[in-house]
Participant: 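Can you keep this structure in mind? I'll have questions shortly.
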Amino acid sequence: MTASPWRGYDLGSRTVSYTERDAILYALAVGAHPSDLDLVYEERLRVLPTFALTLAQWAPDALGSLGAFDVTTAVHGAQRLTVGAPLARAGEVAMSARVTEVWDKGSAAVFEIEVVSDRFVATWSLFAPGCGGFGGARGPAAPPRPGAPGRPADRRLTVATHPGQAALYRLLGDRHPMHVDPEAAKAAGVSRPFLHGLCTMAALTLPVAGALGAHPADLLELQGRFAAPAFPGDRLVAHCWGDGEKGVRFEASGPERTVISGGRARFGHG
Ligand SMILES: C/C=C/C(=O)SCCNC(=O)CCNC(=O)[C@H](O)C(C)(C)COP(=O)(O)OP(=O)(O)OC[C@H]1O[C@@H](n2cnc3c(N)ncnc32)[C@H](O)[C@@H]1OP(=O)(O)O
């Protein structure tokens with residue numbers, strides 16, 4: 001087996017600051033309702049843990065800028081987030097990042113980038129066509145389907161995404177053109193601009209938390225694979241299987257296909 005030269009690459013450290021306004025805009029961009037005062041009103045603000053992923057976006061962007069993969073065709077393949085402590089209403093977060101793995105999928109490579117801070121650990125899996133075939137290990141296969149075979153979902157939740165959602169979400173730190181520019185989306189092999197995977201995933205955690213009787217700001221763990229592009233305006237349906245008291249496994253589908261597979265979320269007790 002040959003390891004990719006990027007395996008173990010140190011992406012360095014960065015401190016990113018944010019305001020209450022950033023946290024509120026984020027909550028609105030991922031679908032918080034104006035009546036969710038804990039998420040949209042300074043007087044009661046609790047910051048969604050997934051907001052940390054916008055603060056940490058510099059790390060996957062840095063790897064792309066270094067030329068590890070073609071940024072016009074690479075897409076976000078999967079994400080994991082483990083929350084260690086809540087984010088303050090405003091402030092700064094110090095982070096460090098490195099490439100923990102590069103899997104060789106033959107025609108593509110999957111780059112795993114881990115960002116560590118005293119608040120959270122987040123791992124991006126970036127699916128990069130044209131970067132495989134270097135003789136490395138294939139890595140993990142597709143995540144198992146949730147629930148026992150044939151067991152229907154315990155809950156079915158719907159999320160109505162908004163036609164302007166990607167245009168809004170990109171202002172929070174991920175300005176890749178494939179989310180707004182039709183030509184850039186086509187270059188990535190997708191028919192039209194598509195939603196940021198992290199926007200789709202965060203939008204799903206809001207109703208998932210509600211269904212579990214948890215507060216979305218009490219999220220402790222989240223993961224999932226972006227199985228197919230979701231589009232702004234899509235109505236998403238999440239099939240959820242209970243996984244402990246405040247946990248759930250889920251799969252989410254758009255009008256045509258499964259868009260998130262292997263989804264898992266777990267919340268604390270508040
Ligand atoms: C910079 C971008 C930011 C974004 O936010 S982009 C928006 C969010 N992301 C998306 O919308 C991407 C949606 N997903 C897809 O379009 C597809 O899904 C992929 C293009 C990522 C892969 O599809 P395919 O080329 O058909 O791959 P395969 O033939 O099904 O699998 C080849 C190997 O790659 C692994 N793999 C497939 N999908 C993913 C993934 N999403 N994340 C990580 N690995 C993946 C499989 O398991 C398998 O490997 P094994 O043969 O060893 O099992």
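We count ligands from 1, going down the list as the structure has it; atoms in each ligand are counted the same way.
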Participant: What do we get for Ala108 next to ligand 1 when only non-hydrogen atoms under 4.0 Å count, side chain, backbone, both or neither?
Facilitator: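 Within the 4.0 Å criterion, Ala108 makes no contact with ligand 1.
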Participant: Would you mind running through ligand 1 and noting each atom that sits below 4.0 Å from a heavy atom of Phe194?
Facilitator: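 The list of qualifying atoms is 6 (S), 7 (C), 11 (O).
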Participant: Each residue besides Leu195 in its hydrophobic cluster should be listed here, by chain and number; the cluster joins Ile, Leu, Val, Met, Phe, Trp and Tyr at side-chain heavy-atom distances under 4.5 Å.
Facilitator: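 Cluster partners of Leu195: none, it stands alone.
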Participant: Which one holds for His76 and ligand 1: side chain close, backbone close, both close, or neither close, with close meaning a heavy atom under 4.0 Å?
Facilitator: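 Under 4.0 Å from ligand 1, His76 contributes backbone and side-chain atoms.
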Participant: Would you say Tyr41 has more than 12 foreign heavy atoms packed within less than 6.0 Å of its OH?
Facilitator: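 For Tyr41, atom OH is not crowded (no more than 12 foreign heavy atoms under 6.0 Å).
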Participant: Got the closest protein heavy atom to atom 17 (C) of ligand 1, with its distance?
Facilitator: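 Result: Ala227 O, 3.5 Å.
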Participant: Distance alone, cut at 3.5 Å: any donor-acceptor contact between the side chains of Ser125 and Glu112?
Facilitator: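 Result is yes, a qualifying pair exists.
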Participant: Using a strict threshold of under 4.0 Å (side-chain N to carboxylate O), is an ion pair present between Arg249 and Asp243?
Facilitator: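 Yes, charged N to carboxylate O under 4.0 Å.
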Participant: Consider only side-chain heavy atoms of I, L, V, M, F, W and Y, link residues closer than 4.5 Å, and tell whether Tyr18 and Val40 are in one cluster.
Facilitator: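 Yes, same cluster.
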Participant: Sequence neighbours left out, cut at 3.5 Å: what donor-acceptor pairs do the side chains of residues 200-228 make with other protein atoms?
Facilitator:
| from | atom 1 | to | atom 2 | distance (Å) |
| --- | --- | --- | --- | --- |
| Thr200 | OG1 | His196 | O | 3.2 |
| Thr205 | OG1 | Ala202 | O | 2.7 |
| His215 | ND1 | Ala217 | N | 2.9 |
| His215 | NE2 | Asp38 | OD2 | 2.9 |
| Asp218 | OD1 | Arg46 | NH2 | 2.7 |
| Asp218 | OD2 | Gly270 | N | 3.4 |
| Glu221 | OE2 | Arg266 | NH2 | 2.9 |
| Arg225 | NH2 | Ala141 | O | 3.3 |

Participant: Can you name the atoms of ligand 1, numbered from 1 with element, that are less than 4.0 Å from a heavy atom of His196?
Facilitator: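 Those atoms are 5 (O).
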Participant: For ligand 1, which atoms, with element, lie under 4.0 Å from some heavy atom of Ala141?
Facilitator: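 Per the distance check, 47 (O), 53 (O).
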Participant: So is there a nitrogen or oxygen of Val75 less than 3.5 Å from a nitrogen or oxygen in ligand 1?
Facilitator: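 Looking only at distances, the answer is no, because the N/O contact criterion of under 3.5 Å is not met.
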Participant: Which ligand 1 atoms does Gly77 reach within 4.0 Å, using its non-hydrogen atoms?
Facilitator: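 Ligand 1 atoms under the 4.0 Å threshold to Gly77: 40 (C), 41 (N), 42 (N).
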Participant: Cationic tip of Arg264 within the cone over Phe250's six-membered ring, i.e. under 6.0 Å and within 45° of the normal?
Facilitator: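 So Arg264 doesn't make the cation-pi contact.
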Participant: Nearest non-hydrogen contact with atom 44 (N) of ligand 1 belongs to which option: His176, Gln79, Met178, Arg225?
Facilitator: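 Closest candidate by heavy-atom distance is Arg225.
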Participant: Judging by distance only, is a nitrogen or oxygen of Leu195 under 3.5 angstrom from one on ligand 1?
Facilitator: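 No: no nitrogen or oxygen of Leu195 is under 3.5 Å from one in ligand 1.
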